[in-house]
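What's counted below: heavy atoms across the whole structure, side chains too, no hydrogens, waters or symmetry copies. Note that ligands are numbered from 1 as they come in the structure, with each ligand's atoms numbered from 1 the same way.
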Amino acid sequence: MSNKIAVGVLGATGAVGQKFVALLEDHPWFELTELAASDRSAGKSYKDATVWRQYKPIPVRLTKQTVKACEPTLDCRVVFSSLDSSVAGEVEENFARAGYIVLTNSKNHRMDDDVPLLVPEINPEHLGLLKAQRAKRGWPGAIVTNPNCSTIGLVMALAPIHRAFGVKRVIVTTMQALSGAGYPGHSAIDMLGNVIPFIGGEEDKVETEPLKIMGTLEGDRIRFADCRISAHTNRVFVEDGHMECASVELEKKAKPDEVAQVLAQFSSLPQELRLPFAPKHPVVVTDERDRPQPRFDRDAGSGMSAVVGRVRECPVFDIRFVVLSHNTIRGAAGAAILNAELMKAQGMLD
Ligand SMILES: NC(=O)c1ccc[n+]([C@@H]2O[C@H](COP(=O)([O-])OP(=O)(O)OC[C@H]3O[C@@H](n4cnc5c(N)ncnc54)[C@H](OP(=O)(O)O)[C@@H]3O)[C@@H](O)[C@H]2O)c1
């Protein structure tokens with residue numbers, strides 16, 4: 001009999017859902033026992049319900065497992081959610097009301113006052129919001145969110161810089177991978193030889209989520225960080241890995257090598273606690289002149305590190321750099337798993 005914590009995945013048939021299934025296999029603390037998706041998939045075997053797009057095969061023990069509907073009767077206490085945002089909000093609330101701990105990738109609850117938007121290396125104390133969440137909503141469970149897939153790379157670079165030098169203003173341009181749009185996503189004919197300079201709702205997320213993540217917990221609310229971000233978001237013909245070019249104005253002037261040093265030395269609670277999914281280096285700094293590149297660098301730290309390169313002076317603001325992060329690992333499934341590990345380490349899943 002395993003003494004691991006039983007977990008389920010809501011949206012298990014989707015792009016991020018599959019990544020959860022792949023990453024949770026052999027997890028030292030969690031055992032995936034439940035797979036759930038829409039009524040289109042419920043009742044089918046997992047193999048028949050999903051178009052499997054991962055590089056390693058479906059775990060054998062799950063191929064014949066029956067996919068269930070997303071109803072809060074699953075045999076587990078923790079659920080990871082990668083539901084389409086058109087349904088995630090209500091479904092996740094139903095689960096929290098029924099006592100489940102919900103760790104979600106979806107946007108629906110990220111900016112709610114009483115919901116942590118958690119990056120364990122940056123704002124682990126924001127889990128303190130759960131007391132207020134339970135009191136306000138009267139549910140025994142909880143909803144904890146992780147950031148949008150392009151917010152995460154930016155904020156992992158910005159947070160240590162903000163702590164050391166203060167960030168005033170940021171202009172960021174993203175080049176986002178196709179897998180960020182789910183499966184099947186854009187058609188090849190739309191993308192080949194092309195860039196699409198619009199991703200619905202994305203600029204607003206990149207401009208606001210970092211302010212909450214870098215904010216301060218004051219009683220039962222977060223005081224947002226006092227800086228401004230302007231984002232241009234683009235879809236490019238890359239399979240996985242979101243790249244972003246950022247220019248940053250600082251409160252306290254700093255040279256590129258000082259900024260690079262702060263980033264390279266950044267380490268935090270997940271590293272101290274040796275959480276299984278915590279990368280040794282949350283931010284990897286490269287000094288090669290043409291890196292990071294998605295194909296070669298997205299798997300740094302098993303896809304959990306942000307890779308920063310080309311840290312240099314900016315003639316308009318103070319500093320500019322390029323940051324890359326794996327959108328379905330650190331930007332989605334891996335982020336939610338690390339959040340769950342932090343909660344487990346802090347006795348919140350007992
Ligand atoms: N892709 C990324 O890089 C990324 C990164 C961060 C966050 N996210 C967010 O994560 C979520 C999932 O994204 P994705 O790319 O994995 O999308 P996806 O491939 O389209 O998968 C969506 C999942 O939602 C399920 N679903 C759809 N309608 C449903 C309903 N009415 N009831 C229950 N389940 C339903 C689907 O099940 P069926 O197969 O049965 O239809 C499928 O499992 C989205 O909210 C997205 O914004 C994605």
Side-chain angles (χ1 to χ4, degrees), residues 8-23 34-54 66-74 79-95 102-111 117-119 143-155 174-186 199-202 204-206 209 233 235-236 238-244 294 298 303-304 324-339:
V9 175
L10 311 178
T13 51
V16 177
Q18 290 183 5
K19 191 58 87 179
F20 273 122
V21 171
L23 292 178
E34 295 278 29
L35 302 167
S38 79
D39 292 344
R40 293 178 290 277
S41 304
K44 294 182 183 167
S45 70
Y46 187 54
K47 188 168 186 295
D48 289 342
T50 192
V51 182
W52 185 255
R53 308 288 303 165
Q54 304 300 307
T66 304
V67 176
K68 295 186 179 170
C70 290
E71 284 160 11
T73 50
L74 302 182
V79 289
F80 294 103
S81 170
S82 53
L83 288 170
D84 190 271
S85 58
S86 61
V87 293
E90 198 183 330
V91 173
E92 291 166 0
E93 286 175 21
N94 291 342
F95 274 84
V102 182
L103 296 128
T104 177
N105 282 276
S106 300
K107 66 178 181 184
N108 307 62
H109 294 290
R110 283 186 196 138
M111 299 306 283
L117 178 49
L118 191 64
V119 181
I143 297 179
V144 174
T145 62
N146 54 264
N148 167 270
C149 48
S150 29
T151 298
I152 186 70
L154 179 66
V155 80
T174 72
M175 287 156 275
Q176 300 183 215
L178 292 171
S179 60
Y183 182 80
H186 293 281
I199 303 174
E202 198 82 348
D204 180 53
K205 292 176 204 164
V206 178
E209 291 179 11
T233 57
R235 186 74 67 197
V236 298
V238 164
E239 183 190 10
D240 288 315
H242 289 352
M243 195 143 101
E244 308 176 52
R298 64 188 164 215
M304 291 296 286
L324 173 82
S325 57
H326 197 303
N327 54 297
T328 60
I329 302 181
R330 189 66 202 222
I337 294 171
L338 187 63
N339 287 353

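Between the side chains of N105 and S82, no donor-acceptor pair of N or O atoms lies under 3.5 Å. In this structure, a donor-acceptor pair under 3.5 Å is absent between the side chains of T104 and N146. Checking T233 against E202 by side-chain atom types alone, no donor-acceptor pair falls below 3.5 Å. Side chains of E244 and T174: no donor on one and acceptor on the other come within 3.5 Å.
Closest to atom 39 (O) of ligand 1, if we only count protein heavy atoms, is T13 OG1, 2.6 Å. The single protein non-hydrogen atom nearest to atom 15 (O) of ligand 1 is G182 CA, 3.1 Å, given as residue, atom name and distance. For atom 40 (O) of ligand 1, the nearest protein heavy atom (residue, atom name, distance) is S41 OG, 2.4 Å. The shortest contact between atom 20 (O) of ligand 1 and any protein heavy atom is with Y183 O, 4.4 Å. Of all protein heavy atoms, the one lying nearest to atom 31 (N) of ligand 1 is V87 CG1, 3.3 Å. Of the protein's non-hydrogen atoms, S82 O, 3.1 Å is the one closest to atom 12 (C) of ligand 1.
Taking each heavy atom of C149 and I152 in turn, the nearest pair found is O-CG2, 3.4 Å.
The closest side-chain heavy-atom distance from L103 to S81 is not below 4.5 Å. Taking 4.5 Å as the limit, some side-chain heavy atom of T13 sits within range of a side-chain heavy atom of Y46. Counting only heavy atoms from C-beta outward, the side chains of Y183 and V51 approach each other to under 4.5 Å. Contact of the V238 side chain with the M175 side chain is not registered, since no non-hydrogen atoms from C-beta on lie closer than 4.5 Å. Using a 4.5 Å heavy-atom threshold, the side chains of E239 and L178 count as separate. Looking at heavy atoms from C-beta onward, V79 lies out of side-chain contact with V9 at the 4.5 angstrom threshold. Residues Q176 and I199 meet the side-chain proximity criterion, which asks for heavy atoms closer than 4.5 Å. Residues V206 and L154 are in side-chain contact: their nearest non-hydrogen atoms beyond the backbone lie under 4.5 Å apart.
The nearest non-hydrogen atom to atom 34 (N) of ligand 1, considering only A332, G201, S38, comes from S38. The option from V16, N105, L83 that lies nearest to atom 44 (C) of ligand 1, judged by heavy atoms, is L83.
Taking a cut-off of under 4.0 Å to the non-hydrogen atoms of S85, the atoms of ligand 1 that pass are 45 (O). Atoms of ligand 1 found under 4.0 Å from any heavy atom of S106, numbered from 1 in the order shown, are 45 (O). Residue-ligand proximity, C149 to ligand 1, at heavy-atom distances under 4.0 Å covers atoms 5 (C), 6 (C). Heavy-atom proximity to R40, at under 4.0 Å, picks out these atoms of ligand 1: 27 (C), 28 (N), 41 (O). When each atom of ligand 1 is checked for a heavy atom of G331 under 4.0 Å away, the hits are 5 (C), 6 (C).
Under the 4.0 angstrom criterion, atom 23 (C) of ligand 1 counts as having a protein heavy-atom contact. For atom 47 (O) of ligand 1, the protein comes within 4.0 Å by no heavy atom at all.
Annotation: N148 places no N or O atom under 3.5 Å from an N or O atom of ligand 1; distance criterion only. In terms of polar-atom proximity, K107 is not counted as a contact of ligand 1, lacking any N or O under 3.5 Å from an N or O of the ligand. Between T328 and ligand 1, not a single N/O pair is under 3.5 Å apart. For P147, no nitrogen or oxygen atom sits less than 3.5 Å from a nitrogen or oxygen atom of ligand 1, counting backbone and side chain alike. Annotation: R110 places no N or O atom under 3.5 Å from an N or O atom of ligand 1; distance criterion only. Polar contact check, G14 against ligand 1: a nitrogen or oxygen pair lies under 3.5 Å apart. Taking any N or O of A15, backbone or side chain, at least one lies under 3.5 Å from an N or O belonging to ligand 1.
At a heavy-atom cutoff of 4.0 Å, ligand 1 is contacted by both the backbone and the side chain of D84. At a heavy-atom cutoff of 4.0 Å, ligand 1 is contacted by the backbone of S179 but not by its side chain.
Rounded to the nearest 0.5 Å, atoms CE (M304) and CG (L338) are 4.5 Å apart.
Remark: distances from the non-hydrogen atoms of A88 to ligand 1 are all 4.0 Å or more.
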Residue pair T50, Q18: steps toward the side chain to side chain donor-acceptor pair (under 3.5 Å) verdict: CA-CA 8 Å; T50 192; Q18 290 183 5; 2.7 Å; yes

